[in-house]
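Report on one structure; see the data block that follows.
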Amino acid sequence: MKILKHDAGRVTKPGLYQMPAAVYHADPSPEPSLSSSLAKVLLDYSPEHARAAHPRLAPPRPADEEVEDKPTRPKEIGTAAHRLILGAGCDLTVIQSPDYKAKDAQAARKAAYAAAGAPILASDLAKAERAAKRVLGHVAAIPGCEGFATAPAEVVAVVRDASGAWLRIMMDRVEIHPTHAIIWDVKSSSQSSAPQGLGRRVEQMAMEVQAALYVRVLATLLPRLSGRITFRWIFVEADEPNGVCVAQADGAGMEIGARKVAAAIHLWNRCRAADRWPGYPAEIVRVDFPEWAERRWTERESLDPQLAGVSYDVAQSPFRPLDMGDAA
């Protein structure tokens, strides 16, 4: 399937596209669509939150209430590294200043963001370049990953799911072969990329939802590859030496991800059909104390020397006066 260029507005049919990030995030689908980030909001918060986060469904807000993410240098380094790794994305605006304390540097930064660019200090750009070089060299040396460097970057897929919902994804890179496909996603973070911690990180960030939705969307567009689409992450540490680890979810992770995606799509379709986006329950709910926390305290009661001999019978209190009797 050919990847089409799309510069503005909405697409008219399902397909693979390359478009500016701003166009994608404004939702270019023929009808309001569900993305992986919105699917997570649906599942982790509520339909009300998902509607408020949707670019085409959210009620308009006064300009003075608009909330924007505050830029930080670590975020800018991550954006630049992402741009250098993929060779695609918004243009970098290099600012020749040691920091953003000077007014001219602040003005240049603001102007770059206003033009949908990516400002970065010259010294920070050097860090981003080292990180990108590290990633590209590391990935190229791993058997089976040779196709990453030349695969099309920032490819958008828009589909009409069998459920009737419109879905959209933006893949960092995607390899489409006659017999299989590989979807790549680059994750730059200050967290460790050590293999032993990735399972917990994937679960905590619900990354299995992204993986499963991306596979579902691409399989819908390319049914001949159904069952032969692999999703891979490239985890990159933001701090030097920029440790890199390439990983993919196991069968259990992809199964749970697929079930979560199916649940999110069902909720999405139900809300869209009724045009009703409920929030949290309008009732008193019971808080379920985590089983692991209960086990941890029970174990401490039996193992902690400080708790040895502790009694929960008030009559056994060491401070209780002997003549206190039954007084309250």
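Below, each value reflects all heavy atoms present in this structure, side chains not excepted, and no hydrogens, waters or symmetry copies.
- Listed by chain and residue number, W184 satisfy the ring-ring contact (aromatic ring centres under 6.0 Å, His included) test with F148 (two or more places apart in sequence, or in another chain).
- Contact annotation: the side chain of L221 approaches that of L16 to within less than 4.5 Å [non-hydrogen atoms, C-beta and beyond].
- A ring pair (Phe, Tyr, Trp, His ring centres under 6.0 Å) check over residues 26-51, counting only residues at least two apart or in different chains, returns the pairs Y45-H49, H49-Y280.
- Annotation: salt bridge (charged side-chain N to carboxylate O under 4.0 Å, His left out) contacts of K187 (sequence neighbours excluded): D185.
- Between the OG atom in S36 and the CE atom in M207 there is a gap of 11.0 Å [rounded to 0.5 Å].
- Here the side chains of R134 and P241 are not in contact, with every heavy-atom distance at 4.5 Å or above.
- Taking each heavy atom of P14 and V159 in turn, the nearest pair found is CB-CA, 4.0 Å.
- Take D304 and apply the side chain to side chain donor-acceptor pair (under 3.5 Å) test, not counting sequence neighbours, and it matches R300.
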Inset, instruction - Evaluate the criterion side chain to side chain contact (heavy atoms under 4.5 Å, CB included) for residue pair L4 and K2; output intermediate values, then yes/no. - result: CA-CA 6 Å; L4 305 175; K2 186 177 180 182; 4.1 Å; yes
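- Between S192 and R201, the shortest heavy-atom distance links the atoms O-NH1, 3.2 Å.
- Between the side chain of S226 and the backbone N or O of P223 there is no donor-acceptor pair closer than 3.5 Å.
- For K5, the side chain to side chain donor-acceptor pair (under 3.5 Å) test picks out Q18, with sequence neighbours left out.
- Here the shortest heavy-atom pairing between D99 and K101 reads OD1-N, 3.0 Å.
- Among all heavy-atom pairs drawn from A258 and A212, the shortest one is N-CB, 3.4 Å.
- Atoms CG and CD1, from L218 and I229 in turn, are 4.0 Å apart once rounded to the nearest 0.5 Å.
- Between the side chain of S29 and the backbone N or O of P32 there is no donor-acceptor pair closer than 3.5 Å.
- Scanning for salt bridge (charged side-chain N to carboxylate O under 4.0 Å, His left out) contacts around R168 gives D27, with sequence neighbours left out.
- Side chain of D161 to backbone of G164: no donor-acceptor contact under 3.5 angstrom is found.
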Donor-acceptor pairs under 3.5 Å, side chain of residues 112-125 to any protein atom, not counting sequence neighbours: which ones?
| residue | atom | partner | partner atom | Å |
| --- | --- | --- | --- | --- |
| Y113 | OH | E76 | OE2 | 2.8 |
| D124 | OD1 | R73 | NH2 | 2.9 |
| D124 | OD2 | R73 | NE | 2.8 |
| D124 | OD2 | R73 | NH2 | 3.4 |

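- At a threshold of 4.0 Å, the pair E240-R130 counts as salt-bridged, since one of the basic side-chain nitrogens sits closer than that to a carboxylate oxygen.
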Distance-only donor-acceptor hits, side chain of residues 81-91, under 3.5 Å, sequence neighbours excluded:
| residue | atom | partner | partner atom | Å |
| --- | --- | --- | --- | --- |
| H82 | NE2 | D172 | OD2 | 3.1 |
| R83 | NE | C90 | O | 3.2 |

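- For K260, the salt bridge (charged side-chain N to carboxylate O under 4.0 Å, His left out) criterion is met by E208, not counting sequence neighbours.
- In terms of heavy atoms, L38 sits closest to S33 at CD1-O, 4.1 Å.
- A heavy-atom distance below 4.5 Å is not found between the side chains of V41 and L43.
- For the atom pair CG (L42) and CG (L34), the distance works out to 6.0 Å, reported to the nearest 0.5 Å.
- The two residues W277 and P47 make their nearest non-hydrogen contact at CE3-O, 3.5 Å.
- For the atom pair CZ (R173) and CD1 (I234), the distance works out to 8.5 Å, reported to the nearest 0.5 Å.
- Counting heavy atoms from C-beta outward, I95 and R109 have side chains that approach closer than 4.5 Å.
- Here the CD-SG distance, from E175 to C145, works out to 8.5 Å after rounding to the nearest 0.5 Å.
- Side-chain atoms of R228 do not come within 3.5 Å of backbone N or O of A181 as any donor-acceptor pair.
- Here the side chain of E146 pairs a donor or acceptor atom with the backbone of G144 at under 3.5 angstrom.
- A salt bridge between E31 and R56 is absent, with no side-chain N of the basic residue lying under 4.0 Å from a carboxylate O of the acidic one.
- Under the ring-ring contact (aromatic ring centres under 6.0 Å, His included) criterion, H180 pairs with H177, sequence neighbours left out.
- For Y312, there are no ring-ring contact (aromatic ring centres under 6.0 Å, His included) partners two or more places apart in sequence or in a different chain.
- Put simply, the side chain of Q248 does not reach to within 4.5 Å of the side chain of F231, judged on heavy atoms.
- Taking CG of N242 as the start and OG of S188 as the end, the distance is 8.0 Å to the nearest 0.5 Å.
- Under a 3.5 Å cut-off, the side chain of R224 and the backbone N or O of P178 do form a donor-acceptor pair.
- Under the ring-ring contact (aromatic ring centres under 6.0 Å, His included) criterion, H54 pairs with W268, not counting sequence neighbours.
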